[in-house]
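Computed from a prediction, not measured in an experiment: that's the story for all the values here. The figures that follow rest on heavy atoms only: side chains count, while hydrogens, waters and symmetry mates do not.
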Amino acid sequence: MKIINETSLSYETIGKIIDNIINDKKEDTNYIGKKELGLVRYGDKTIGVQIKYLKRYVEWKFWYE
């Protein structure tokens, strides 16, 4: 897993957001090159999330909207 954090959130908070996304996500087929985009509300800020499934790992990118 690779995490790209372009926010001022701590990695502990990012980890909790990832856990919530994984727990709320319905089962789907994952394949190399698949990208998922979404928005997460945290406090008074909206955070963009991109999940990219690569050959050796999954990349999570977080940024402010």
Side-chain angles (χ1 to χ4, degrees):
M1 178 184 300
K2 179 179 181 180
I3 299 172
I4 301 171
N5 183 6
E6 297 177 354
T7 68
S8 61
L9 298 174
S10 69
Y11 280 94
E12 180 181 1
T13 303
I14 293 289
K16 289 178 184 177
I17 292 172
I18 290 173
D19 287 344
N20 286 336
I21 291 171
I22 290 172
N23 289 335
D24 291 343
K25 191 174 167 186
K26 62 182 179 194
E27 294 299 321
D28 196 13
T29 302
N30 297 326
Y31 53 88
I32 296 173
K34 180 180 177 182
K35 289 184 185 177
E36 297 179 22
L37 294 171
L39 296 174
V40 174
R41 194 84 177 133
Y42 185 78
D44 60 343
K45 303 203 182 226
T46 302
I47 300 169
V49 180
Q50 175 182 296
I51 307 168
K52 197 185 309 182
Y53 297 90
L54 303 173
K55 187 174 184 176
R56 299 201 183 269
Y57 60 90
V58 177
E59 180 181 280
W60 293 77
K61 182 176 181 181
F62 297 86
W63 68 92
Y64 288 123
E65 278 293 311

Engineer: Excluding sequence neighbours, so at least two apart, what forms salt bridge (charged side-chain N to carboxylate O under 4.0 Å, His left out) with D28?
Structural biologist: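 With neighbours one apart ignored, the set is K34.
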Engineer: Please, which pairs that meet salt bridge (charged side-chain N to carboxylate O under 4.0 Å, His left out) have at least one residue in residues 46-62, sequence neighbours excluded?
Structural biologist: E6-K61, K52-E59
Engineer: Restricting to salt bridge (charged side-chain N to carboxylate O under 4.0 Å, His left out), what partner residues turn up for K25, sequence neighbours left out?
Structural biologist: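 Salt bridge (charged side-chain N to carboxylate O under 4.0 Å, His left out) check on K25 returns E36.
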Engineer: Starting from I22 and following side-chain heavy-atom contacts under 4.5 Å between hydrophobic residues (I, L, V, M, F, W, Y), which residues can be reached?
Structural biologist: M1, I3, L9, Y11, I14, I17, I18, I21, V40, Y42, I47, V49, I51, Y53, V58, W60, F62, Y64
Engineer: Applying side chain to side chain donor-acceptor pair (under 3.5 Å), can you list everything that pairs with N20, at least two apart in sequence or on another chain?
Structural biologist: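 With sequence neighbours excluded, N20 shows a side chain to side chain donor-acceptor pair (under 3.5 Å) to no residue whatsoever.
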Engineer: List the residues meeting salt bridge (charged side-chain N to carboxylate O under 4.0 Å, His left out) with E12, not counting sequence neighbours, and say none if there are none.
Structural biologist: K16
